[in-house]
There are 2 protein chains.
Amino acid sequence: MATIYDVAQLAAVSPATVSRVINERGNVDPEMARRVQEAVRALNYRPNVVARNLRRQTAAVWTAIISDINNPHFTSLTRGVEDVAQESGHSVMLCNADEDLAKERRYVDVALAERAAGVIISPASYRNSTVAPLLERGVPVVTIDRTLQASPVNAVVVENAAAAERATAHLLEAGYRRIACITGPMRTTTSTQRLAGYRRALRAAGLPRDPELECVADMKEGGGYEATRALLQHDRPPDALFVGNGLMTIGALRCLNEARVTVPDQIGVVGFDEHRWATLVRPALTTVAQPTYELGRAAAKMLLEATGPDAPPPRTVTLPTRLVIRDSSVRPAR
Amino acid sequence: MATIYDVAQLAAVSPATVSRVINERGNVDPEMARRVQEAVRALNYRPNVVARNLRRQTAAVWTAIISDINNPHFTSLTRGVEDVAQESGHSVMLCNADEDLAKERRYVDVALAERAAGVIISPASYRNSTVAPLLERGVPVVTIDRTLQASPVNAVVVENAAAAERATAHLLEAGYRRIACITGPMRTTTSTQRLAGYRRALRAAGLPRDPELECVADMKEGGGYEATRALLQHDRPPDALFVGNGLMTIGALRCLNEARVTVPDQIGVVGFDEHRWATLVRPALTTVAQPTYELGRAAAKMLLEATGPDAPPPRTVTLPTRLVIRDSSVRPAR
DNA sequence: GTGAAAGCGCTAACAC
DNA sequence: GTGTTAGCGCTTTCAC
């Protein structure tokens, strides 16, 4: 592959001048610039960014460490990150950590080794110290979808507690009384906050909370299925379900289907995360819609801000959600 | 950040020895190795892979240029790629080309500039020459999900034509006679092959093909919706739909829903791509299931093979599909 | 405005 | 088995 020296030789200038032309830095005589352009084209020259990065001591690459790339919530968010990256001349290295701290740690190592210009991460645990090596070395970090407990890190999240409270209150208004809550593991802030919102709504309604109705599952379809099955087998099964994410909602609906429990008649359902198929299922599903794409964009913009010498102090941006009421949570009049 | 020289100094050895220990190459005295390990830990040293790549003239990074990261088909396939990458010590740079040739070209440039060790791509067009610069420079390329017309490139695909033929034949057997076909743009081999399979099934059944029933849409939800609406407005609307991908199927179902056209009674539906929600919609959806994850794994393994001096000549691997018959394509007895 | 030359951090000949 | 050293391709002072 052609190097900058080949171009310089062909254009009869010095490599320094070629570099200036390519990077549009400093003043170059127009005639010389023209010759360089021509040589670049003739040789089909592409600057070696590996060499450039070594010299510049930084790469225009962001690392995105995402919990589960099979979850549409996260892919949509990733698109937001990617679009901002492209606008600002960055590439994104997408890593799927699979809610696994060991994998997460490995990817942080990769980001460090590649000298990534920044890292966007949805941490598997808020007690997490995996980002510490990044912070120590001054690599800008933004957490997305979730926050970290102790570290002073930029974050973009949604109003999880308020959204959960609203969803639960909606079920209460619809006349449901024994509302179960299926959340993800308590190591993520999304889960703890959604559970807290659920509890707050019960308390506000003067209802006791029943630990048997609070289920922790794995944030995947199978977990939602199992949790629902367990709930249905209780002595006093719930009359409504608030499910903490989209994948688990699918599992829950599948279980209800198989058990021939009718929605919204016998059991009301509200699920976190909006889906394209929400209007296609019967009954149409009531959801908590998150601005996923915007979540990604906001995180990427924050990373942009956090880069450079005069970065503002870390802050948390909270985006609103929307309760989309459909048929699964509205009990028909008897 | 600590360099290899810092480590060497602390361990009282030469940088070459440190390099040997880190890369586990050549023989090193155990005692020295121990001292190096210790120094590495003490300094919290991480090898600078940018420098390493410059020196080695290759990076352990693959670039995956994917058509639409919002399409679950492609995210699932990406997971397959990623898992093999991790097993083989590669990182994956995921790029979303959005079915846009210009974007695709840009990402090929990035892959070239970053000196990627290999590229996996689902090309936006089979007439595509975007990969030519890669081939010229000897960068291993594998196309996934789709093939290229002229270039001798490794490919992993599914048996599109056969699958489409089987799906259409199934609709015919179920008693449907005016079957419409909604495919993606004719620039992708998936679309042309699926259309060809559909036609073959009609021909085999001795039915004429009606150009009015062959719709080209954009592979997204909106396209499926619009195509279906147009079909319903014909003088002689179809009595069945074969839809060429999952996103368009959602659009088609939404349109049928809104138009109060009942499935499978008034119209039968088979959609390409399997979804978690296929059993949740009413009626449950008949689909053509693809081994998406395996598609990704196979492509990545092929890339692994294609790397190195004694790479086998390019070939195309075709994976099987499965017709999953549910309720949307089975007309109830009258 | 332009060129010469040093050096980013690493690896791989090569010499010992 | 270990160390010395050159050089990967680029950018960036620093002379001119």
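A, B, ... follow the sequence lines: proteins, then strands. Residue 1 opens every chain. Note that the coordinates shown come from a computational prediction; the quantities given were computed from them, not determined experimentally. The basis for the numbers below is simple: all heavy atoms, side chains too, and nothing from hydrogens, waters or symmetry mates.
- In this structure, the CE atom of B/Met1 is 11 Å from the P atom of C/dC10, given to the nearest Å.
- Side-chain polar atoms of B/Asp83 and B/Tyr293 form a donor-acceptor pair below 3.5 angstrom.
- A nucleotide of DNA chain D counts as in contact with chain B when one of its atoms lies under 4.0 Å from a heavy atom; the first and last such, 5' to 3', are D/dG1 to D/dG9.
- Looking at B/Thr63, its side chain never comes within 3.5 Å of a backbone N or O of B/Val119 through a donor-acceptor pair.
- One finds the OG atom of B/Ser14 at 12.5 Å from the CD atom of B/Gln9 (value rounded to the nearest 0.5 Å).
- Under 4.0 Å is where a charged nitrogen must lie from a carboxylate oxygen, and between A/Arg297 and A/Glu87 at least one such pair does.
- Taking a cutoff of 4.0 Å between a charged side-chain nitrogen and a carboxylate oxygen, B/Glu114 and A/Arg52 do not qualify as a salt bridge.
- Remark: the backbone N or O of A/Asn70 is paired with a side-chain donor or acceptor of A/Asp68 at under 3.5 angstrom.
- Separating the CD1 atom in B/Ile121 from the CD1 atom in B/Ile66 is a distance of 8.5 Å, to the nearest 0.5 Å.
- Electrostatic pairing of A/Arg315 and A/Glu305 counts as a salt bridge here, judged by a charged N lying under 4.0 Å from a carboxylate O.
- Sequence neighbours left out, the pairs with a member in residues 43-88 of chain B that pass ring-ring contact (aromatic ring centres under 6.0 Å, His included) are B/Trp62-B/His90.
- Of the inter-residue distances, the one linking A/Gln290 atom CD with A/Asp145 atom CG reads 6.0 Å to the nearest 0.5 angstrom.
- Between the side chains of A/Thr75 and A/Thr78, no donor-acceptor pair of N or O atoms lies under 3.5 Å.
- Shown for residues 47-63 of chain B: residues whose heavy atoms fall under 4.0 angstrom of DNA chain D, namely B/Leu54, B/Arg55, B/Gln57.
- A salt bridge links B/Glu99 with B/Arg146: the closest approach of a Lys/Arg side-chain nitrogen to an acidic carboxylate oxygen falls below 4.0 angstrom.
- Contacts between residues 9-19 of chain A and DNA chain D, counted as heavy-atom distances below 4.0 Å, involve A/Ala16, A/Ser19.
- The end-to-end axis angle of the helix from C/dG1-D/dC16 to C/dC16-D/dG1, rounded to 10 degrees and based on five pairs per end, is 40°.
- Closest non-hydrogen pair, A/Ser191 versus A/Met219, comes out as OG-CE, 4.1 Å.
- Residues from residues 25-36 of chain A with heavy atoms under 4.0 angstrom of DNA chain D, sorted by number: A/Arg25.
- Salt-bridge annotation for A/Arg35 and A/Glu38: absent, with no side-chain N of the basic residue lying under 4.0 Å from a carboxylate O of the acidic one.
- In this structure, the side chain of A/Ser67 does not engage the main chain of A/Asp98 through any donor-acceptor pair within 3.5 Å.
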